[in-house]
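Notes follow the structure.
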There are 2 protein chains.
Amino acid sequence: MEMGVDADQLDAASGLLQLTTVVQGLYARISERHELTPVQARLLCVLLGGPKGMAELAQCFGVERAALTGLMDRAEKRGLAERSAVPGDRRALQVTLTDAGRRAATAFHTDVGEALNKLIDGLSPADREHFRAAMAGILSSCRSGHGPC
Amino acid sequence: MEMGVDADQLDAASGLLQLTTVVQGLYARISERHELTPVQARLLCVLLGGPKGMAELAQCFGVERAALTGLMDRAEKRGLAERSAVPGDRRALQVTLTDAGRRAATAFHTDVGEALNKLIDGLSPADREHFRAAMAGILSSCRSGHGPC
DNA sequence: TATTGTTATACTCTATAACTATA
DNA sequence: TATAGTTATAGAGTATAACAATA
């Protein structure tokens, strides 16, 4: 691997922490640019994968169902997502993106992807592929692959 | 590089996003275990590097000075950190850890380090070093190295 | 009884604007 | 005037507990 000359004296744990901070900051900055909070942006992106129930969204966000109510109240007030009845179950609600919500989600998602790709622009193609594979390995070992997210 | 068989079909941008989510979640879980919010935990860890002024902390957290007041009010109420006068400047305050705060910060920091190292446990030593160097390269290219954090 | 979603309440974190005191 | 920090106010996000309606 082609080592950057000043790319040392940083252990992996600190690197992960700092990298996380950078990505979080980037996500927050792009959210703001799209007039979204990071949580609202994430909500829209999850819904890009198709309609979801409230409980399903709560589980996927790792929050209580009650938190989703407020989240969706705000998303709905802004015309980005909607709650609608589910034919087979009169308790349940189905959350879907509005057209505006889908446009916002797509635009946001594109910008985040660009920014993240720019982040790894400095790596050589071989290093980039190593890095990608390492992340995939880490993720596959720590996520049991349960859930709709 | 030794490729995991199921470590594919994940692009680098998604990987970064998911890795960030995993690290955030891990950080939040450990914070909770130590009866800290993630932000309070981060505050203590920054103070482990030595006393800081309020404005300095605000800049380092990327928040307004007013937000630090509330943050420190809560940290002080819990006996984790203290504000004290600065000899040369009667406007300024110096924030330091209490003994309890230092113990909490150290214990938290240790646990986070362990968890993060466990995260990359599955990588071979060579892959781990590649990964570490790649992160260092990314970080050195995106942080101008300004600031006390 | 269990599940879906909501309401009520309280707390943390954050921004903005206006303020005090000091430099 | 500029800087350090605070107060007041508002809003987002979250948890807990209690509730309603449906399964």
Side-chain angles (χ1 to χ4, degrees), chain A residues 21 24-25 27-29 31-47 51-78 80-96 104 148, chain B residues 21 24-25 27-29 31-47 51-78 80-96 104 148:
Chain A
T21 303
Q24 271 183 251
Y27 198 96
R29 221 159 15 83
S31 300
E32 193 176 15
R33 183 185 309 157
H34 287 258
E35 302 190 278
L36 296 167
T37 65
V39 174
Q40 292 283 327
R42 187 177 168 201
L43 174 61
L44 298 190
C45 286
V46 167
L47 290 173
K52 304 266 184 298
M54 296 289 286
E56 193 180 8
L57 285 171
Q59 191 206 355
C60 141
F61 273 66
V63 300
E64 294 297 315
R65 295 193 310 283
L68 253 291
T69 299
L71 236 41
M72 269 306 300
D73 285 349
R74 290 185 286 273
E76 209 156 23
K77 193 166 59 181
R78 293 197 47 189
L80 299 169
E82 284 172 337
R83 282 176 268 217
S84 54
V86 171
D89 187 340
R90 291 200 307 194
R91 297 171 303 179
L93 292 176
Q94 200 180 27
V95 178
T96 53
Chain B
T21 303
Q24 271 184 253
Y27 198 97
R29 223 159 12 83
S31 300
E32 192 175 17
R33 184 186 309 156
H34 287 259
E35 302 191 277
L36 295 167
T37 65
V39 174
Q40 293 283 327
R42 187 178 168 202
L43 174 61
L44 299 189
C45 286
V46 167
L47 290 173
K52 303 268 185 297
M54 296 289 286
E56 194 180 7
L57 284 171
Q59 191 205 354
C60 142
F61 274 66
V63 301
E64 293 298 315
R65 293 193 311 283
L68 252 291
T69 298
L71 235 41
M72 269 306 300
D73 285 349
R74 291 184 286 273
E76 210 156 20
K77 193 166 59 182
R78 294 197 48 188
L80 299 170
E82 284 172 338
R83 282 177 267 217
S84 54
V86 171
D89 187 339
R90 291 199 308 195
R91 297 171 302 178
L93 292 176
Q94 200 180 25
V95 179
T96 54

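Values in this document were obtained by computation on a predicted structure and should not be read as measured data. First the proteins, then the strands, lettered A, B, ... as listed; each starts at 1.
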*What integer distance in Å separates Lys77(B):NZ from dC13(C):P?*
11 Å

_So, taking the atom named CE in Met54(B) and the one named CG in Leu68(B), what distance separates them when rounded to the nearest 0.5 Å?_
4.5 Å

*Taking CG from Asp89(A) and C1' from dT22(D), how many angstroms apart are they, rounded to a whole number?*
7 Å

*Would you mind classifying the nucleic acid contact of Arg90(B) as base, sugar-phosphate or nothing, using non-hydrogen atoms under 4.0 angstrom?*
sugar-phosphate

*Considering heavy-atom distances to DNA chain D, does Glu32(B) or Gln40(A) have its closest nucleotide positioned more toward the 5' end?*
Gln40(A)

*Give one of base, sugar-phosphate or nothing for Thr69(B), where a contact means two heavy atoms less than 4.0 Å apart.*
base

_Rounded to whole Å, please give me the gap between CG in Leu36(A) and P in dG11(D)._
18 Å

*asked:* Please classify the nucleic acid contact of Leu71(A) as base, sugar-phosphate, or nothing, using heavy-atom distances under 4.0 Å.
replied: sugar-phosphate

*Check against side-chain contact (heavy atoms from CB on, under 4.5 Å), Lys52(B) and Gln94(B)*: CA-CA 6 Å; Lys52(B) 303 268 185 297; Gln94(B) 200 180 25; over 6 Å; no

*Output the distance between atom OG1 (Thr69(B)) and atom CZ (Arg74(B)), rounded to the nearest 0.5 Å.*
10.0 Å

*Distance, nearest 0.5 Å, that separates CG of Leu36(A) from CG of Leu80(A)*: 6.5 Å

*Taking CD from Glu76(B) and P from dT12(C), how many angstroms apart are they, rounded to a whole number?*
15 Å

*Measure the distance from CE on Met72(B) to P on dT14(C) and round it to the nearest whole Å.*
14 Å

*Side chain of Leu93(B) only, please: which of dT22(C), dT14(D), dT6(D) is the nearest?*
dT6(D)

*Could you please name the option among dA21(D), dG5(D), dA17(C) that lies closest to any side-chain atom of Ala66(B)?*
dA17(C)

*Between the side-chain atoms of Arg65(A) and the base atoms of dG5(C), is any donor-acceptor pair under 3.5 Å?*
yes

*Kindly indicate whether the side chain of Asp73(B), heavy atoms from C-beta on, has any atom under 4.5 Å from the side chain of Arg83(B).*
yes

*Proximity to the side chain of Arg83(B) - top-ranked nucleotide from dT4(C), dC13(C), dT6(D)*: dT6(D)

*Would you kindly give the CE-to-P distance between Met54(A) and dA21(D), to the nearest whole Å?*
18 Å

*Roughly how many Å is it from CG in Leu68(A) to C1' in dT4(C), rounded to a whole number?*
12 Å

*asked:* As a test of reading the structure: which of dG5(C), dT6(D), dA8(C) is closest to the side chain of Ala55(A), going by heavy atoms?
replied: dG5(C)

_Just the rounded figure in Å: distance from C1' of dA12(D) to CD of Glu64(A)._
18 Å

*From dG13(D), dT14(D), dC13(C), pick the nucleotide closest to the side chain of Arg74(B)?*
dC13(C)

